[in-house]
Amino acid sequence: MPRQVDYEERRLRIAEAVCALIARSGMEAVSLRDVAAEADVSMGAVQRCFRTKEDMLLFALEHISQHVSERADQRIAATSTPHAASTLLSHTLAELALLDEESRARAHVWLAFVSHAPASERLAAVLRETYGKLHDLVVWLIRYGQDTQEIPPHLDAAQEAHTLLAVADGLTMHVLAGHHSAETASAVLQRHVDRLVR
């Protein structure tokens, strides 16, 4: 049993090393040697954890996808006014857009994976699944707002969720490119949420 725990801990450590390398130098910086050095393990240890580089990248993407989803859930749980759908939407979308300073490195990593997805169907599949789960979360929040009569009932929750996720994703890129500050991006998100609320 302890060996299994050590194995999973090592895989997570390697995934964090992959993400750190991508955040600093891009996807091309991910080599077996550099990942091993970043994780402070042997190259053999990396090879025992992952058969191929794609397997390693896939696990790292699943790791960061889970982190983004968990952060969104935590923001919902920590919201001081749990009955305000607009507040829940604003906090959740800000979390998904990875706008704060703490999330900046993860935003770099996320976009690197998105840009790499056309070359790897396995990575693209994980991204589709992640976006699907996030879309479902935003749909749930919009419908919650419709139930509390903050959001008009005639609006199509699924379509509005598509729009909000696309805006959040686009703002991630704009902030990283320096076109928007995190503050102005947050204001853009808030305007889109305000548009839904009565």
Side-chain angles (χ1 to χ4, degrees), residues 1-78 91-138 165-166 168-177 182 185:
M1 188 66 177
R3 289 181 62 189
Q4 183 67 26
V5 172
D6 290 344
Y7 176 75
E8 285 306 313
E9 287 178 354
R10 180 168 289 172
R11 281 162 61 87
L12 288 172
R13 188 169 168 182
I14 291 168
E16 287 291 346
V18 169
C19 291
L21 286 169
I22 294 174
R24 284 203 306 269
S25 308
M27 190 71 78
E28 59 277 4
V30 180
S31 69
L32 178 63
R33 183 181 304 278
D34 288 339
V35 169
E38 183 73 24
D40 195 24
V41 298
S42 68
M43 290 175 62
V46 176
Q47 290 173 313
R48 284 191 294 275
C49 288
F50 302 101
R51 288 187 310 107
T52 65
K53 178 179 177 180
E54 187 179 40
D55 286 343
M56 183 173 65
L57 290 173
L58 193 66
F59 184 79
L61 175 56
E62 289 169 345
H63 175 62
I64 196 171
S65 296
Q66 182 179 357
H67 178 82
V68 170
S69 297
E70 286 175 353
R71 284 282 300 268
D73 289 341
Q74 288 166 6
R75 283 293 292 268
I76 290 173
H91 287 186
T92 301
L93 290 168
E95 200 61 59
L96 298 183
L98 302 169
L99 296 179
D100 62 11
E101 195 59 40
E102 181 185 349
S103 300
R104 190 63 51 85
R106 292 195 182 273
H108 278 280
V109 176
W110 182 260
L111 290 182
F113 276 115
V114 170
S115 65
H116 197 68
S120 170
E121 173 54 32
R122 293 175 70 198
L123 292 179
V126 173
L127 286 168
R128 286 195 299 272
E129 181 181 357
T130 301
Y131 278 122
K133 289 177 180 176
L134 298 178
H135 176 261
D136 290 345
L137 174 61
V138 177
L165 275 179
D169 231 25
L171 288 170
T172 304
M173 288 184 277
H174 285 205
V175 170
L176 289 180

Practice task
Quick one: closest heavy-atom pair of Val109 and Ile22, and the distance?
Solution key: CA-CG2, 3.8 Å

Practice task
Would you mind reporting whether Thr130 and Val68 have side-chain heavy atoms less than 4.5 Å apart?
Solution key: no

Fill in the blank from the handout: Nearest heavy-atom contact between Leu98 and Ala107 is CD1-CA, 3.6 Å

Problem - Separation between CD1 of Ile64 and OG of Ser69, rounded to the nearest 0.5 Å - result: 11.0 Å

Problem - Presence of salt bridge, Arg13 and Glu9, under 4.0 angstrom - result: no

Handout entry: Separation of Glu129 CD from Glu62 CD (nearest 0.5 Å)
Key = 8.0 Å

Handout entry: Check: Asp34 main-chain N/O paired with Ser31 side-chain donor or acceptor under 3.5 Å
Key = yes

Fill in the blank from the handout: Tightest non-hydrogen contact, residues Leu134 and Leu165, listed as C-CD1, 3.9 Å

Exercise for the section: Salt-bridge test for Arg106 and Glu16: reply yes if a basic N is under 4.0 Å from a carboxylate O, no otherwise. Expected result: yes

Practice task
Report the distance from atom CZ of Arg10 to atom CG of Asp40, rounding to the nearest 0.5 Å.
Solution key: 10.0 Å

Practice task
Give a yes or no answer on whether the side chain of Arg33 reaches the backbone of Met43 with a donor-acceptor pair at less than 3.5 Å.
Solution key: no

Exercise for the section: Please examine the side chains of Val175 and Arg104, heavy atoms only from C-beta on, and report whether any two atoms are closer than 4.5 Å. Expected result: yes

Fill in the blank from the handout: Applied to residues 33-59, the ring pair (Phe, Tyr, Trp, His ring centres under 6.0 Å) test, sequence neighbours excluded, yields Phe50-Phe59

Exercise for the section: Report yes or no: does Ser103 contribute a side-chain atom to a donor-acceptor pair with the main-chain N or O of Leu99 at less than 3.5 Å? Expected result: no

Handout entry: Gln66, CD atom: more than 12 neighbouring heavy atoms under 6.0 Å
Key = no

Practice task
State, with a plain yes or no, whether a side-chain heavy atom of Glu38 is found less than 4.5 Å away from one of Ile14.
Solution key: no

Practice task
Please tell me if the side chains of Leu93 and Leu171 come closer than 4.5 Å, counting only heavy atoms from C-beta onward.
Solution key: no

Practice task
Side-chain contact test, heavy atoms from C-beta onward, threshold under 4.5 Å: evaluate it for Val18 versus His63 and give yes or no.
Solution key: no

Please list, one pair per line, the donor and acceptor atoms closer than 3.5 Å that link side chains of residues 112-121 to other protein atoms, with sequence neighbours excluded.
from: Ser115; atom 1: OG; to: Leu111; atom 2: O; distance (Å): 3.3
from: Ser115; atom 1: OG; to: Ala112; atom 2: O; distance (Å): 2.9
from: Ser120; atom 1: OG; to: Glu54; atom 2: OE2; distance (Å): 2.5
from: Ser120; atom 1: OG; to: Leu123; atom 2: N; distance (Å): 3.2
from: Glu121; atom 1: OE2; to: Arg128; atom 2: NH2; distance (Å): 2.6

Practice task
Check whether any side-chain heavy atom of Leu127 sits under 4.5 Å from a side-chain heavy atom of Trp110, and report yes or no.
Solution key: yes

Completion exercise
Closest non-hydrogen contact found for Ala23 with His108 is CA-CB, 4.2 Å

